[in-house]
Amino acid sequence: MASERAALEQARRDFARSMLKESGSGDPRIERAFELVPREAFLPPGPWLMTHHGGYVETPDADPIHLYRNRLVALKADKQINTGEPSLHAAWLGAVAPRAGERVSHIGAGLGYYTAILSVLTLPGGHVTAFEIEEDLAEQARRNLKPFEGVSVIRADATRVALPPSDLIYVNAGVVAPPLAWLAALQPGGRLILPWRPREEIGLALRVDASGAGFAVRPLMSSWFIPCTGASREIRTIRAPRSSREVSAIRSLWLTTAKAPDESAIAVYPDLWFSSAVLDA
């Protein structure tokens, strides 16, 4: 038993070290967060279904050592709801750099694994509000997150409720266009990271930064998530980007009430549009 425990602890340390490398940030807190938060505490009992070559493969047994690999793990296999790929989230965390004392809105929390990591990264004094639309997942996440400071879980469609004022909005569901309420909740200097799905064949993480001048946008890595209810198929597209190359040129986001789409427009929706123009400082 002691040797099994030691092997699991070593696997978690190795996993955390690899996540720091994947983050590309050099922030040792990311390594510590992945080491401190046990992945098995945020999953159904094993054996687990893990993604492999587009399908699921069951782990040989319920030994949590299997979980310290860079694989998605099913939460609801019938709905393709998984706990996200660790290396992708490490890269996202490196890109948005959560800081002590920040207020975070986590949309699509699942069973709360990445909510817990965000909580650790915003200590001391931070607060994470997690939104989850699936009632049973939200209830279980609420139980899972009880040991973590400054966390609240709301069972709701995050596109239909007001988000609290946020320094970081961390979205784990595919979005065609972010709701205006999300942008309104983003505080000056705040960051929004989301998986953008303007076309079926395009999945790209975007970082949106709020400032007094508007919203600057930086395209990041490929990111594929299940659609976000209320912000995917429901959104009317006026102009879609023509290619991945065009998408990579996006540099700003505008509300249509503030500025009408012009020749720099890459994607246009009823309430907002993405532009290749760099935001003025």
Side-chain angles (χ1 to χ4, degrees), residues 13 15-37 39 42 70 83-110 112-131 145 148-152 158 163-173 175 178 182-196 203-223 225 248 250-253 278-279 281:
R13 284 193 295 271
F15 173 76
R17 193 174 303 114
S18 70
M19 291 304 105
L20 175 59
K21 182 178 180 181
E22 294 288 349
S23 77
S25 72
D27 182 351
R29 299 178 313 125
I30 291 178
E31 178 177 354
R32 188 62 176 148
F34 274 99
E35 184 178 349
L36 282 173
V37 179
R39 202 177 186 198
F42 294 88
N70 189 40
T83 188
E85 183 179 66
S87 64
L88 174 69
H89 283 273
W92 278 33
L93 293 168
V96 296
R99 296 185 285 268
E102 289 196 317
R103 298 158 296 175
V104 181
S105 290
H106 183 196
I107 297 170
Y113 178 57
Y114 295 107
T115 309
I117 289 175
L118 286 163
S119 170
V120 172
L121 291 171
T122 54
L123 291 173
H127 188 89
V128 182
T129 305
F131 294 87
L145 290 160
F148 291 83
E149 293 181 37
V151 177
S152 56
L163 269 58
S166 303
D167 302 299
L168 172 61
I169 301 175
Y170 194 89
V171 183
N172 291 163
V175 171
W182 296 1
L183 299 172
L186 202 59
Q187 301 300 286
R191 294 90 67 213
L192 160 66
I193 188 167
L194 56 84
W196 192 39
L204 183 72
L206 296 181
R207 171 175 162 160
V208 179
D209 287 71
S211 72
F215 299 96
V217 179
R218 177 154 57 97
L220 301 173
M221 70 292 293
S222 295
S223 295
F225 285 78
S248 67
I250 288 174
R251 294 295 180 270
S252 58
L253 180 158
V278 175
L279 192 69

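Note that the structure is a prediction, hence the values are computed from the model and not measured.
- Residues E149 and S119 come closest through the heavy atom pair O-OG, 2.9 Å.
- Heavy atoms only, all atoms of each residue included: L220 and L204 are closest at O-CD1, 3.5 Å.
- V208 pairs with exactly one of I169, I250, V217 by the side-chain contact (heavy atoms from CB on, under 4.5 Å) rule, that one being V217.
- Using bins of under 30°, 30° to 60° and over 60° for the plane-to-plane angle, the ring pair F42/F148 lands in the tilted bin.
- The two atoms that bring L93 and P98 nearest to each other are O-CD, 3.4 Å, heavy atoms only.
- Classification of R191 and D209 as a salt-bridged pair fails, no side-chain N sitting under 4.0 Å from a carboxylate O.
- Of all heavy-atom pairs between V120 and A33, the closest is CG1-CB, 3.9 Å.
- Within the structure, salt bridge (charged side-chain N to carboxylate O under 4.0 Å, His left out) pairs that include any residue of residues 112-130 do not occur (at least two apart or interchain).
- Ring geometry for H89 against F225 counts as perpendicular: the plane angle is over 60°, on a 0 to 90° scale with 30° as the lower cut.
- Residue L36 holds its CG atom at 10.0 Å from CG of L123, rounded to the nearest 0.5 Å.
- When every heavy atom of M19 is checked against every heavy atom of I30, the shortest pair comes out as O-CG2, 4.4 Å.
- The side-chain contact (heavy atoms from CB on, under 4.5 Å) test with Y170 singles out one residue from L118, I107, T115, L194, and that residue is L118.
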- Evaluate the side chain to side chain contact (heavy atoms under 4.5 Å, CB included) criterion for residues L192 and V171: first the C-alpha distance (whole Å), next the side-chain angles of each, then the deciding distance (0.1 Å), finally the verdict. CA-CA 8 Å; L192 160 66; V171 183; 3.7 Å; yes

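- Here the CD1-OG1 distance, from I117 to T122, works out to 12.0 Å after rounding to the nearest 0.5 Å.
- The distance from atom CZ of R207 to atom CG of L168, rounded to the nearest 0.5 Å, is 9.0 Å.
- A donor-acceptor contact shorter than 3.5 Å is absent between the side chain of H127 and the backbone of R103.
- Atoms CZ and CD, on F15 and E22 in that order, are 10.0 Å from each other to the nearest 0.5 Å.
- Y114 contributes a side-chain N or O that, together with a main-chain N or O of G84, makes up a donor-acceptor pair within less than 3.5 Å.
- One N or O on the side chain of W182 and one on the backbone of A158 form a donor-acceptor pair closer than 3.5 Å.
- Taking both residues in full, the closest heavy atoms of L279 and S211 are given as CD2-OG, 3.8 Å, listed atom of the first, atom of the second, then distance.
- In this structure, R32 contributes its side chain and L121 its backbone to no donor-acceptor pair below 3.5 Å.
- Side-chain contact between L183 and L253: present, with at least one pair of heavy atoms (C-beta onward) separated by less than 4.5 Å.
- The backbone N or O of R99 lies less than 3.5 Å from a partner atom in the side chain of E102, making a donor-acceptor pair.
- Judged purely by atom type and a 3.5 angstrom limit, S166 uses its side chain to pair as donor or acceptor with the backbone of P164.
- Between F131 and L163, the closest side-chain pair of non-hydrogen atoms falls below 4.5 Å.
- At a cut-off of 3.5 Å, with distance as the only test, no side-chain donor of H106 or T129 sits close to an acceptor on the other residue.
- The structure places CH2 of W92 at 5.0 Å from OG of S223, a figure rounded to the nearest 0.5 Å.
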